Asks: 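First, the structure itself, so that you have it in front of you.
Just the heavy atoms: all of them, side chains too, but no hydrogens, waters or symmetry mates, feed the values below. Keep in mind the model is a prediction, meaning the values are calculated, not measured.
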Amino acid sequence: MGTTKNLLWLFLLNTALLDTTSGASLSLVNGANRCEGRVEISYAGGRGTVCDDSWDLNDAEVVCRQLGCGYAVSAPSSAHFGQGSGSIYLDDVQCTGNESSLFQCRNPGWGVHNCAHSEDAGVVCSGASLSLVNGANRCEGRVEISYAGGQGTVCDDSWDLNDAEVVCRQLGCGYAVSAPSSAHFGQGSGSIYLDDVQCTGNESSLFQCRNPGWGVHNCAHSEDAGVVCSGASLSLVNGANRCEGRVEISYAGGRGTVCDDSWDLNDAEVVCRQLGCGYAVSAPSSAHFGQGSGSIYLDDVQCTGNESSLFQCRNPGWGVHNCAHSEDAGVVCSGASLSLVNGANRCEGRVEISYAGGRGTVCDDSWDLNDAEVVCRQLGCGYAVSAPSSAHFGQGSGSIYLDDVQCTGNESSLFQCRNPGWGVHNCAHSEDAGVVCSDKDYTCGGLLYSSSGTLQSPSFPLNYPDNANCLWQIQITNNFRIVLTFGSIQLQGGCQNDYIEIYDGPPNSSPLLGRICSNSSSNLTYTSSSNFMTLRFHSDSRYSNRGFQAEYRSFLADQNTTLVCLPTSMRAAVDRHYLQSQGYSVSSISLSDSSCRPTITSTEVIFNIPYSGCGTHRQGNNETITYSNMIKVPAPGSVIKRQKDLHLYVSCKMLQNTWVQVMYVANDVVNVSETQYGRYDVNLTFYNSSSFLWPVHNFPYYVDLNQNLFLQASLHSSDPNLVVFVDTCVASPDPSNFRTLTYELIRSGCIKDPTYSSYFSPYSSIARFAFSAFSFVNQYPSVYLQCELVVCRQNDYSSRCYQGCLSRFKRNAGSSHGKVNVVIGPVQLREAPAENRNIELASDIQVNEESQTPVPAASSHVPLAVTVVVLVAAVVIVGGVLLKGKLRELIPYQRM
């Protein structure tokens, strides 16, 4: 069910993305030309600027690419090109440098800033443009670069087909046919701007490829590099519409065809994808759509079916063939889309196909769960629950496009399944086929605590589903580091479609180590700077592929300094030998509050620093609650000193679903940095009455049908300025599945069960609530309860804890909070033989005569703007025992 999707994915909204479809455009003003100046954004009839906080060359690189101005030369700050006026639309922009638009870069949110126009950001681009000269047409010739009013060339050292591929892509000239060297198209003149260019072939501009530097070379113009591009475009002709017909290629002013030798459905699939015509229905041969004329450009084409262009498929070479036009290849694309209609939601209903402006159905002859499985996969709706026939969801109208469909269950699209042919059937609409999907049952992402392990895209090695959003967070032992290595990667290319992102820590506030948007057969490796790493996988709703598999391992970090963030304090230890080797004395080491002394052993200096004392400072922002302190070590010398003081800053940050632990040294001292991560200490406990005096210790907890169950959630922290709020509680008979068969008590602060009520708590770190016991049908023996609790700063009225019921989820960048996912149990219905169980609690149980009046859960909170909420995953079992180090198997909450 859509309403039961794991709230973990809500945090994905925390990064505000804006693209040009929202009306924003970019320009550079007040510079010498259009490729340098102050960054200005035109939006909704007004103009504004970008603040220079975190502004760097990566951000400038994206601006230059977006404006077609070559590469970034510099990223001036402090209103270098003069102060702008109007709004400041973006601040703290953090581009990786690979984005195609500044609006795709990570930032706190549109219009969220703490700047003045004296901090307006600027950019100076190279202003370089690329062309091919001295060839037969614009898509072949010597590579020439126009820059700053002059012309120059590229040296052919290391020049190969990968480099040429990027040039062809940049110029919109199809694919690379060859990469001539040695001034094949004649010697150029002027500067040689690039040498030893090493493109991977996936870049969108030659200026993004690795090279020693602008103008750095050891060449003469006799080594000028050249490129021959295909210059080709593709179309289907002589069919009923643009999505079927003979395959025709336009090239260099002429037209030609493709020979049908080895032509099959894989090749046709690529053509349909390239033309945006859906999937391949058939791959007719023998000039099915009539004989063409002119050249035969391709023969023996062998596509895998995953390519984005026919020109990327393996073939003997451009113009190489042994065919006549009687062998011209054709393609029939579906031009069709699939949906489920007349059901309770988009993941169940009658199977409907939209095609060529009309709508039709699928006949139920041979219709089974394998066919339904493919439909669910195609629609991103999880697995197939059933495959209803006989117009279970009502009779459709129009055509019946498919009949006798026979899927194996592994296809990624219904249109790939075997069938007699498009429109071939012997059915009436009383036989329309239907599907009921689980909604989204595939699992991906999660918290990984082991020192090593494996993670992979959903369904690997089969194709991953559409619209997947997976997040893996790897947290290992303190003071270890993580190495993540990918094997073969097969994505449906392009960062706008499917991609993998690797973060050096939690995803919303950590540097992006890398983004993978295309296929790779080499082992890509990423290393963390702490004991925490995040991997995010996203797929869109267009095409799928096999995905990826990756392995991670851990290794011990430098032990000169170590840091652990505990629930109530932070423990910082500095190696004595390290201090002494740097010339510092351990006798004078202290905290900000010098009265808080360390424990000095023979090997370490250890500080146990409370979050609420010893000079610890507390600060909150839109993502974190931060506790910080400083360890000071003065340099030796009573009159003069020749060494800098050592200031060791220690911070513990409650950030999204983690405690982030940071250790670093100020700029005026030795550069040392340590980062570690920990988690909240939270428990959830049953009580026998609304007085909340006597906790339940005996499990299973046997109760009567409709008996009131009282629960208390407690946060254990030395910080008294935190508040806990019950956001969501969901019941299920399966401890590992809170998606399929569930019952909601409360969701996003909105009461779903009429017996649910919230109770007064004397402490902000405690939340109390109750509901009446019930049973699932079909006599499930066990019921489990999963609750999600939000932790916020006390009196932060913009935070989630003060917003009550949220019918829609919105982002608010002005508050800080975390979220705790808790599971408790077991509870079981009291049966006749079990009447005496929990007998010692019987006299305390009050069912309908409670001494305390419950407070409606939603009314006790202010319904302000909604903020992003994230999960701190701490699984709590019977008696409220916190699982530390790693998540263990949950104990069932049996409830009837």
Asks: Which heavy atom of T616 sits nearest a heavy atom of P610, and at what distance?
Replies: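 Taking T616 first and P610 second, the nearest heavy atoms are OG1-O, 2.8 Å.
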Asks: Name all residues meeting the salt bridge (charged side-chain N to carboxylate O under 4.0 Å, His left out) criterion together with E501; count only those two or more places apart in sequence or in a different chain, and write none if there are none.
Replies: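 Residues passing salt bridge (charged side-chain N to carboxylate O under 4.0 Å, His left out) with E501: R515, R536.
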Asks: Is a side-chain N or O of D91 found less than 3.5 angstrom from the main chain of C115, in a donor-acceptor match?
Replies: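 No; zero donor-acceptor contacts below 3.5 Å.
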Asks: Give a yes or no on whether the backbone of C95 and the side-chain of D59 come within a donor-acceptor separation of less than 3.5 Å.
Replies: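 A pair under 3.5 Å: yes.
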Asks: With a 4.5 Å cut-off on side-chain heavy atoms, are F537 and W472 touching?
Replies: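 Result yes, sub-4.5 Å side-chain heavy-atom pair found.
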Asks: F607: what forms a ring pair (Phe, Tyr, Trp, His ring centres under 6.0 Å) with it, not counting sequence neighbours?
Replies: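 For F607 there are no ring pair (Phe, Tyr, Trp, His ring centres under 6.0 Å) partners, ignoring immediate neighbours.
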Asks: Is the backbone N or O of L512 less than 3.5 Å from a side-chain atom of Y503, with the two atoms forming a donor-acceptor pair by type?
Replies: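 Not confirmed, Y503 side chain does not pair with L512 backbone.
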Asks: First locate atom CG of L513, then atom OG1 of T525, and finally report the distance between them rounded to the nearest 0.5 Å.
Replies: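 Interatomic distance, L513 CG to T525 OG1, rounded to 0.5 Å: 12.0 Å.
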Asks: With side chains defined as the heavy atoms from C-beta onward, is the minimum distance between S612 and Y627 less than 4.5 Å?
Replies: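 Result no, sub-4.5 Å side-chain heavy-atom pair not found.
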Asks: Report yes or no: does E551 contribute a side-chain atom to a donor-acceptor pair with the main-chain N or O of T485 at less than 3.5 Å?
Replies: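 A pair under 3.5 Å: no.
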Asks: Knowing that exactly one of V93, L26, D120 qualifies, which makes a side chain to side chain contact (heavy atoms under 4.5 Å, CB included) with V39?
Replies: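 Only match with V39 under side chain to side chain contact (heavy atoms under 4.5 Å, CB included): L26.
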Asks: Describe, in one word, how the ring planes of W110 and Y89 are oriented to each other, choosing from parallel (under 30°), tilted (30 to 60°) and perpendicular (over 60°).
Replies: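 Plane angle under 30°, so parallel.
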Asks: For a side-chain hydrogen bond (donor to acceptor under 3.5 Å, both in side chains) check, start with the C-alpha distance between D504 and S529, then their side-chain angles and the critical distance, and finish with the verdict.
Replies: CA-CA 7 Å; D504 191 14; S529 63; 2.6 Å; yes
Asks: I'd like to check T603 versus H577 (side-chain heavy atoms, cut-off strictly below 4.5 Å). Are they in contact?
Replies: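 They are not in contact (no side-chain heavy atoms under 4.5 Å apart), so the answer is no.
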Asks: Hey, is the main chain of A60 close enough, under 3.5 Å, to the side chain of W55 for a donor-acceptor pair?
Replies: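 Checking the backbone N and O of A60 against the side chain of W55, no donor-acceptor pair under 3.5 Å is found.
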Asks: State, with a plain yes or no, whether a side-chain heavy atom of I500 is found less than 4.5 Å away from one of L491.
Replies: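 The answer is yes, as the side chains (C-beta and beyond) meet within the 4.5 Å cut-off.
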Asks: Considering only heavy atoms from C-beta outward, does the side chain of R747 approach that of T728 to under 4.5 Å?
Replies: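 With C-beta onward as the side chain, the pair touches.
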Asks: Check L57 against S74 and note the closest heavy-atom contact, atom names and distance.
Replies: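 Shortest heavy-atom separation between L57 and S74 comes out as CD1-CA, 3.6 Å.
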Asks: Return the minimal non-hydrogen interatomic distance between I606 and A573, and the atom names on each side.
Replies: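 Closest heavy-atom pair between I606 and A573: CG1-CB, 4.2 Å.
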Asks: For A713 and L789, work out which heavy atoms get closest and say how close.
Replies: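 Minimum heavy-atom contact is CB-CD1, 3.4 Å.
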Asks: From I502 CD1 over to Y526 OH, what is the distance, rounded to the nearest 0.5 angstrom?
Replies: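 So the gap between those two atoms works out to 4.5 Å.
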Asks: Could you pull out the closest heavy-atom pair between I631 and A572, with the gap in Å?
Replies: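 The pair with the smallest heavy-atom distance is CD1-CB, 3.9 Å.
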Asks: Taking all non-hydrogen atoms of both residues, which atom of I476 and which atom of S554 are closest, and how far apart?
Replies: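 Taking I476 first and S554 second, the nearest heavy atoms are CD1-CB, 3.4 Å.
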